[in-house]
Amino acid sequence: MKKAVEPAAAFAALPLRFPANPVAGRAGTSFKHQHLTAIIAEGKQDGFFEVHAENYMGAGGLPHRALEAIRRDNPVSVHGVCMSIGGPQPLDKAHLERFRSLVERYEPALVSEHLAWSTHETTYFNDLLPLPYTETTLACVCDHIDEVQEAIRRPILLENPSTYVTFCESTMSETDFIRAIVRRTGCGLLLDVNNVFVSAANHGFSALEYLSDFPLAHVGEIHLAGHAEQTDDEGDLLLIDSHDGPVADAVWKLFEIVIGRCGAIPTLVEWDSNIPDWPILRAEAIAAQAILDRHKVIALPDHSHAAA
Amino acid sequence: MLLLEYAHRVSGPRTSYAGAFSPPLLNPNQATPPTVAGPSGKPAVKRYNVYRNNVTVSLIDALAAVYPAVQRITGVEFFRAMARSHIRATPPNSPLLFEYGREFPAFIERYEYARSMPWLADIARIERAWLDAYHAADGAQMAPAALASVPLEQLADLVFVPHPATRIVCSNFAAVTIFAANRTEESIGPINAGVPEDALITRPDLDVVVRHLPAGGAIFLTNLISGRTLGKAAAAALEATPAFDIGASIAGMIEAGVFTDLNLGEG
């Protein structure tokens with residue numbers, strides 16, 4: 001009898017944190033401090049805002065005051081950029097503790113990280129670097145996700161990467177790799193549609209086929225962003241995940257296909273350099289919201305019959 | 001070195017992809033890792049260079065964000081070349097980029113092309129202190145009344161609790177004037193760079209403020225910040241600068257928000 005009680009007691013000591021999800025069906029944007037005054041002047045919004053976790057890991061001052069201000073009236077999503085989940089070495093415990101503490105402090109509606117690495121040995125490279133897809137790397141990534149989820153007591157959304165190279169040693173496809181991660185760790189997914197488009201162009205596969213293979217049922221958030229065009233060694237098109245401009249038409253089309261299949265998944269427009277004035281970024285979110293709203297209506301056929 | 005190589009060999013494929021991928025990122029003399037390719041085994045030189053470029057440019061940008069006045073003084077091209085040398089020699093070892101660049105002022109001091117600007121490193125030191133103050137923990141500024149209520153005979157034994165944002169940078173050059181002139185968009189008149197200036201950096205609420213300390217002020221405040229009594233700090237300042245104005249310095253430090261609280265010391 002006593003034994004049956006123990007798991008419940010342990011569970012009570014470490015409650016899982018599943019906050020209400022106030023971002024369902026909403027479109028949001030990256031939160032940039034230069035937009036704070038304009039956002040507050042507009043009053044209550046219907047969207048949500050996403051921040052890079054590392055920008056709020058200082059002890060105090062303006063960043064926390066700005067995030068508190070935006071958090072009062074809007075759902076917030078915390079997007080980790082440098083946990084190095086895809087790296088072969090153990091996670092940085094101090095960084096994981098900072099991440100845990102940030103999630104506890106702001107109770108974000110969504111928490112996400114990347115299928116990538118950014119630190120090797122002691123050097124932090126400040127980029128989302130790619131990894132080979134093998135049984136060995138799969139086990140390591142799953143261990144890292146387990147560790148993060150245990151620390152923050154809630155599941156994360158893992159973002160699919162944009163990549164420019166592939167590894168000779170890879171033995172499985174990216175979608176098989178991601179599906180196995182979801183199955184083993186119980187994490188959700190952040191589907192970056194621009195990353196799918198960029199990687200498809202760079203590696204010569206079909207974005208639509210990738211999406212058919214992707215475990216869409218586990219997607220809890222979508223990212224949209226702008227990309228730039230370059231060429232590779234043969235002069236073929238090489239797309240760069242630059243986050244420095246509006247979302248491309250082709251990415252909007254892919255997005256609408258995904259929403260048509262999955263319904264109104266919370267969607268975030270990222271814009272991280274050459275940041276425009278707030279109305280321009282806001283317009284991107286409004287365009288995403290229009291697509292989400294269109295598919296909310298289609299998802300309710302009885303209502304549309306009644307109206308007709 | 002041998003030990004490290006051994007560790008790599010025994011740990012096998014778990015470290016190999018990052019171990020092969022990492023070194024050329026910040027070293028242009030190293031070839032594209034043989035472990036990566038484009039589609040259908042196409043060469044990946046330009047493809048891998050996207051990562052080299054992302055890493056290099058983003059870290060230079062990170063230094064430019066910490067050191068905008070240094071960049072304005074040197075010009076963008078000079079700054080980026082200097083920053084590139086620094087990030088290759090001393091890449092970040094923390095994912096928190098607002099902590100990056102602590103060694104940059106010392107690097108500037110040694111950088112041969114910056115020798116004609118011997119004050120440049122001190123401008124960088126003020127900018128680094130500015131960012132530390134910006135991110136420091138919040139603290140309430142000490143109220144002027146707190147000092148007014150202390151009996152006269154106990155003043156010399158007072159010790160002060162420094163605000164987490166408080167920083168002091170001492171310079172043999174006109175670092176505060178040069179810093180201030182290059183943190184605005186306005187055009188700059190002639191500055192006599194040879195006049196020594198000490199900087200006090202505080203952030204009583206959200207805004208970081210940089211002040212020019214009077215002679216003796218840096219010694220006085222450094223003593224107080226390290227926990228010495230008001231009496232001992234004043235004596236040290238007066239010894240270094242006989243004309244040191246203790247009344248004005250106390251009023252100034254309260255107004256600037258150098259401290260959050262005071263206590264009666266041991267004496």
Side-chain angles (χ1 to χ4, degrees), chain A residues 53-55 57-66 80-84 86-89 92 94-95 98 117-132 134 136-137 139-140 163-169 202-205 230-236 238 240-242 273, chain B residues 4 11-19 21-23 25-26 32-55 58-59 61-62 87 91-100 131-139 164-165 203 205-208:
Chain A
E54 294 70 23
N55 292 340
M57 290 182 177
L62 188 73
H64 287 288
R65 207 72 67 86
V81 180
C82 39
M83 190 64 76
S84 223
Q89 67 192 34
D92 175 344
H95 190 69
R98 289 190 291 258
W117 57 282
S118 48
T119 295
H120 180 60
E121 290 175 346
T122 58
T123 302
Y124 171 64
F125 291 106
N126 195 34
D127 194 20
L128 296 164
L129 301 168
L131 59 148
T134 66
T136 312
T137 60
C140 189
T163 56
Y164 311 105
V165 299
T166 53
F167 285 84
C168 314
E169 66 187 281
N202 290 348
H203 303 301
F205 61 76
Q230 288 184 14
T231 54
D232 74 358
D233 296 333
E234 279 75 31
D236 293 333
L238 189 65
I240 310 296
D241 181 30
S242 50
S273 62
Chain B
L4 197 66
S11 54
R14 276 178 79 96
T15 54
S16 65
Y17 66 93
F21 199 93
S22 296
L25 287 171
L26 284 167
T32 304
T35 47
V36 299
S40 319
K42 269 182 22 166
V45 175
K46 283 179 85 171
R47 289 164 176 272
Y48 180 80
N49 284 350
V50 175
Y51 295 106
R52 294 197 215 240
N53 187 64
N54 285 350
V55 170
S58 73
L59 292 179
D61 288 346
I87 63 159
N93 54 20
S94 161
L96 304 186
L97 282 181
F98 57 80
E99 296 283 353
Y100 184 45
L131 192 63
D132 285 338
Y134 179 84
H135 285 289
D138 299 332
R203 201 204 79 211
D205 185 33
L206 291 182
D207 293 330
V208 179

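Since the structure is predicted, the reported quantities are computational estimates derived from the model, not experimental observations. Quick note on labels: first sequence line is chain A, next is B, and so on, each numbered from 1.
Heavy-atom pairs under 4.5 Å with chain A were tallied for B/Gly38, B/Pro43, B/Ala44; the largest tally goes to B/Pro43. Highest contact tally toward chain B, considering only A/Thr231, A/Asp92, A/Ile240, A/Leu128, is held by A/Thr231 [criterion: heavy-atom pairs under 4.5 Å]. Between chain B and the options A/Asp127, A/Asp233, A/Asp232, heavy-atom pairs under 4.5 Å are most frequent for A/Asp233. In terms of non-hydrogen atom pairs under 4.5 Å with chain A, the most contact-rich of B/Leu59, B/Asp61, B/Ile87, B/Asp207 is B/Leu59. Between chain B and the options A/Arg98, A/Met83, A/Gln230, heavy-atom pairs under 4.5 Å are most frequent for A/Arg98. Of all the listed residues (B/Asn54, B/Asn49, B/Leu26), the one sharing the greatest number of non-hydrogen pairs under 4.5 Å with chain A is B/Asn54. Ranked by heavy-atom pairs shorter than 4.5 Å toward chain B, the options A/Thr163, A/Thr119, A/Thr134, A/Leu238 are led by A/Leu238. Between chain B and the residues A/Ser242, A/Ala94, A/Gly58, A/Gly204, the most heavy-atom pairs under 4.5 angstrom are made by A/Gly58.
Proximity of a side-chain donor or acceptor of A/His120 to a complementary backbone N or O of A/Gln89 within less than 3.5 Å is not detected.
The two residues B/Asp138 and B/Pro164 come nearest to each other via the heavy atoms O-CG, 4.3 Å. Minimum interatomic distance between A/Cys82 and A/Glu54 (heavy atoms only, all atoms of both residues): SG-CG, 2.9 Å.
Taking the charged nitrogens against the carboxylate oxygens, A/Arg65 and B/Asp205 do have a contact shorter than 4.0 Å, which makes a salt bridge.
Only the side chain of A/Asp236 comes within contact range of chain B, with at least one heavy atom under 4.5 Å from a heavy atom of that chain. Heavy atoms closer than 4.5 Å to chain A are found nowhere in B/Pro33, neither backbone nor side chain. With a threshold of 4.5 angstrom between heavy atoms, B/Tyr51 approaches chain A through its backbone and through its side chain. Proximity to chain B involves both the backbone and the side chain of A/Thr123, based on heavy atoms less than 4.5 angstrom apart.
Ring pair A/Phe167/B/Phe21 is tilted by interplanar angle, where 30° to 60° counts as tilted.
With sequence neighbours excluded, no residue forms a ring-ring contact (aromatic ring centres under 6.0 Å, His included) with A/His203.
By the 4.5 Å heavy-atom criterion applied to side chains, B/Tyr100 and B/Ser94 are not counted as neighbours. Proximity of B/Leu97 to A/Tyr124: side-chain heavy atoms (C-beta onward) are separated by under 4.5 Å at one or more points.
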